[in-house]
Amino acid sequence: MNKVFALIDCNNFYASCERLFRPELQGKPIVVLSNNDGCIVARSNEAKALGLSMGAPYFKNKALIRKHNVQVFSSNYALYGDLSHRVMRVLQDMEPDVEIYSIDEAFISLPAGNNLAAYAKSMKARVEKYVGIPVSIGIAPTKTLAKIANRFAKKNAQHQGAFEIRNHENSDELLSTVGVGEVWGIGRKSTEKLNRQGIHNALQLKNADDQWIRKHLTVTGLRTVMELRGTSCLPLDHSLPTKKSIISSRSFGSPVNTLPDLREAIATHIAIAAEKLRKQKSAAGSIHVFIYTNRFKKDTPQYAGNIMMTLSQPSACTPTIIKSALQGLERIYKPGYAYNKAGIMITELVPQNHLQQNLFCSENIENTPLMATVDRINTRWGRNTLQFAAAGLAKPWGMKQAHKSPAYTTNWPDIPVVTASF
DNA sequence: TCTGGGGTCCTAGGACCC
DNA sequence: TCTGGGGTCCTAGGACCC
């Protein structure tokens with residue numbers, strides 16, 4: 001049986017999450033800020049209409065925000081994760097074939113047929129009823145086209161949040177209205193290349209020369225072109241999301257100069273990442289450590305240090321990994337610079353075997369022979385700060401979180417299991 | 001001074017995504 | 001004063017081997 005893809009995408013997800021608890025903000029402009037209140041990472045439609053753009057630095061837009069009385073929230077990832085989970089559960093109750101693509105998006109495989117848009121609307125209604133988050137649904141023969149269909153569903157009110165693209169029926173005309181840079185998989189660099197080649201919209205990309213695309217945009221680009229033509233190259237991915245690398249990094253609230261302070265930061269990042277590592281039952285083979293000065297301050301001395309350390313054997317043990325990471329740090333640290341960001345990436349993740357499980361360290365950091373570094377962190381930040389930092393709830397190193405959200409309660413009734421009737 | 005060809009593996013960096 | 005964080009995939013080129 002022929003299959004099509006549906007892409008379910010939550011509208012302005014973080015903003016919608018915040019608004020769920022502040023219904024009086026319905027129809028009002030709101031924005032959500034990134035970690036450290038640095039950038040705008042989510043906007044309600046009203047905020048978009050004011051010209052506030054995605055990723056824009058908060059401090060540059062303060063005047064505009066004040067002028068229009070835009071509500072501002074610091075991000076609360078624990079809340080967004082919880083609501084995301086609820087949205088996905090509603091979808092999984094309705095359909096067996098769900099790929100959770102990101103915190104606010106899911107692909108679903110559906111048997112091709114008539115009236116798919118009507119079915120999608122019932123799906124949308126169910127999510128909104130049980131979770132309260134508005135979603136848009138795009139349906140098409142390929143994932144890339146479903147992304148575009150989703151855009152039409154979202155942008156054109158007459159579609160009521162659900163829209164289908166069918167091969168050879170309406171696709172070419174629609175594609176000619178989509179800028180090439182808006183196609184999924186075509187970023188800034190590729191857009192420039194394509195524009196120079198006279199390719200400006202998705203229809204032109206669809207009809208582009210295969211050889212040229214292969215040469216200049218690699219196989220990834222060619223896959224995108226095939227998908228625009230209706231040939232599905234990106235299947236639904238049900239695999240358990242076992243990560244291949246784990247990153248923890250942060251900008252500092254104020255510049256950091258000394259090795260002890262950087263040691264604290266690196267040790268903390270390792271503790272956070274190692275916990276995630278153990279959660280997915282993996283062990284790490286190598287560790288990257290990096291420290292950066294502030295790249296936006298062009299008039300101050302710039303330095304970027306990074307180093308990769310290979311462990312003698314894969315480990316999931318926090319102190320072991322910290323020890324290597326700190327050795328790496330000593331090698332890249334240069335005094336006299338104002339550091340603005342530090343972080344680590346652990347890679348070469350392998351499944352834990354029995355041996356490694358025996359080497360396992362307690363989840364509770366305080367019970368491990370962990371060095372004084374972590375003790376110092378605990379003293380400095382207060383009890384349990386590590387856990388809170390991991391959940392994005394605390395702002396170490398003098399970080400600010402100016403726009404406190406209200407205390408949330410999420411003990412809602414369980415979502416009833418429904419039988420799919422399709 | 002001349003100075004193969006082919007294969008694999010690894011790494012850094014680019015590009016993209018949310 | 002204040003510019004996020006966490007991921008994946010692909011490729012070119014170097015190192016190394018025979």
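Numbers restart at 1 for each chain; the letters A, B, ... are given by sequence-line order, proteins then strands. These numbers come from the heavy atoms of this one structure, side chains and all, not from hydrogens, waters or symmetry mates.
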Q.
Within the 4.5 Å heavy-atom criterion, are A:Val90 and A:Met123 side-chain neighbours or not?
A. no

Q: Any ring-ring contact (aromatic ring centres under 6.0 Å, His included) involving residues 294-332 of chain A? Give me the pairs, sequence neighbours left out, ordered by first then second residue.
A: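 Matches after skipping sequence neighbours: A:Tyr303-A:Tyr337.
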
Q: Could you note down all residue pairs passing ring-ring contact (aromatic ring centres under 6.0 Å, His included) where residues 214-240 of chain A supplies at least one of them, sequence neighbours left out?
A: A:Trp212-A:His216

Using whole Å, report how far [atom1] of [X] lies from [atom2] of [N].
{"X": "A:Tyr80", "N": "C:dG4", "atom1": "OH", "atom2": "P", "result": "17 Å"}
{"X": "A:Asn35", "N": "C:dT3", "atom1": "CG", "atom2": "C1'", "result": "13 Å"}
{"X": "A:Tyr14", "N": "C:dG6", "atom1": "OH", "atom2": "C1'", "result": "10 Å"}
{"X": "A:Leu277", "N": "C:dG6", "atom1": "CG", "atom2": "P", "result": "15 Å"}
{"X": "A:Asn36", "N": "C:dT3", "atom1": "CG", "atom2": "C1'", "result": "10 Å"}
{"X": "A:Glu105", "N": "B:dC18", "atom1": "CD", "atom2": "C1'", "result": "7 Å"}
{"X": "A:Ile247", "N": "C:dG5", "atom1": "CD1", "atom2": "C1'", "result": "8 Å"}
{"X": "A:Glu182", "N": "B:dC17", "atom1": "CD", "atom2": "P", "result": "12 Å"}

My understanding is that only residues two or more places apart in sequence, or in another chain, count here; which of them pass side-chain hydrogen bond (donor to acceptor under 3.5 Å, both in side chains) with [X]?
{"X": "A:Glu348", "value": "A:Ser286"}
{"X": "A:Gln280", "value": "A:Ser282"}
{"X": "A:Ser239", "value": "A:Asp237"}

Q) Under 4.0 Å between a side-chain N or O of A:Ser249 and OP1 or OP2 of C:dG6? A)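 Affirmative; the distance criterion is met.
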
Q | Phosphate OP1/OP2 of C:dG5 contacted by A:Lys341 side-chain N/O (<4.0 Å) | A | yes

Q) Mapping A:Thr218 and A:Lys243 onto DNA chain C by nearest heavy atom, which one lands closer to the 5' end? A) A:Lys243

Q) In terms of side-chain heavy atoms of A:Val41, which of C:dG4, B:dC18, C:dT3 is nearest? A) C:dG4

Show which side-chain atoms of residues 2-9 of chain A pair as donor or acceptor with protein atoms under 3.5 Å away, not counting sequence neighbours.
unit_1 : atom_1 : unit_2   : atom_2 : d
A:Asp9 : OD1    : A:Lys154 : NZ     : 3.3

Q.
As a check on the pairing definition, encode DNA chain C in dot-bracket form, counting Watson-Crick and G-U wobble pairs whose two distances are under 3.5 Å, and using | for partners outside this strand.
A. ....||||||||||||||

Q: Measure centre to centre between the rings of A:Phe73 and A:Tyr14, then say whether the value is under 6.0 Å.
A: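 Ring-ring flag for A:Phe73/A:Tyr14: false, centres at least 6.0 Å apart.
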
Q: Name all residues meeting the salt bridge (Lys or Arg N to Asp or Glu O under 4.0 Å) criterion together with A:Glu227; count only those two or more places apart in sequence or in a different chain, and write none if there are none.
A: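 Partners of A:Glu227 under the salt bridge (Lys or Arg N to Asp or Glu O under 4.0 Å) test: none.
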
Q. How would you list, by chain and number, every residue that makes a salt bridge (Lys or Arg N to Asp or Glu O under 4.0 Å) with A:Lys147, sequence neighbours excluded?
A. A:Glu105

If you look only at distance, which donor and acceptor atoms sit under 3.5 Å apart when one is on a side chain in residues 40-54 of chain A and the other is two or more places apart or in another chain?
unit_1  : atom_1 : unit_2  : atom_2 : d
A:Arg43 : NH1    : A:Leu52 : O      : 2.8
A:Ser44 : OG     : A:Lys28 : O      : 3.3
A:Ser44 : OG     : A:Ile30 : N      : 3.0
A:Ser44 : OG     : A:Glu46 : OE1    : 2.9
A:Ser44 : OG     : A:Ala47 : N      : 3.4
A:Asn45 : OD1    : A:Asn12 : ND2    : 3.1
A:Glu46 : OE1    : A:Arg19 : NH1    : 3.3
A:Lys48 : NZ     : A:Asn12 : OD1    : 2.7

Q | Pairwise P distance, B:dC17 and C:dT3 [rounded to whole Å] | A | 25 Å

Q: Determine, for A:Phe290 and A:Lys341, whether the Lys NZ or Arg CZ falls below 6.0 Å from the six-membered ring centre while staying within 45 degrees of the axis.
A: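 A:Lys341 over A:Phe290 ring: no.
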
(Q) Short of 4.0 Å, heavy atom to strand atom, which residues of residues 293-303 of chain A count as contacting DNA chain C? (A)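 Only A:Arg295, A:Phe296, A:Lys297 qualify.
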
Q. Counting any heavy atom closer than 4.0 Å, what does A:Lys147 reach on the DNA or RNA strands: base, sugar-phosphate only, or nothing?
A. sugar-phosphate

Q) For every nucleotide of nucleotides 7-16 of chain B, 5' to 3': is a protein heavy atom under 4.0 Å from its base (B), only from its sugar-phosphate (S), or from neither (-)? A) --------SS

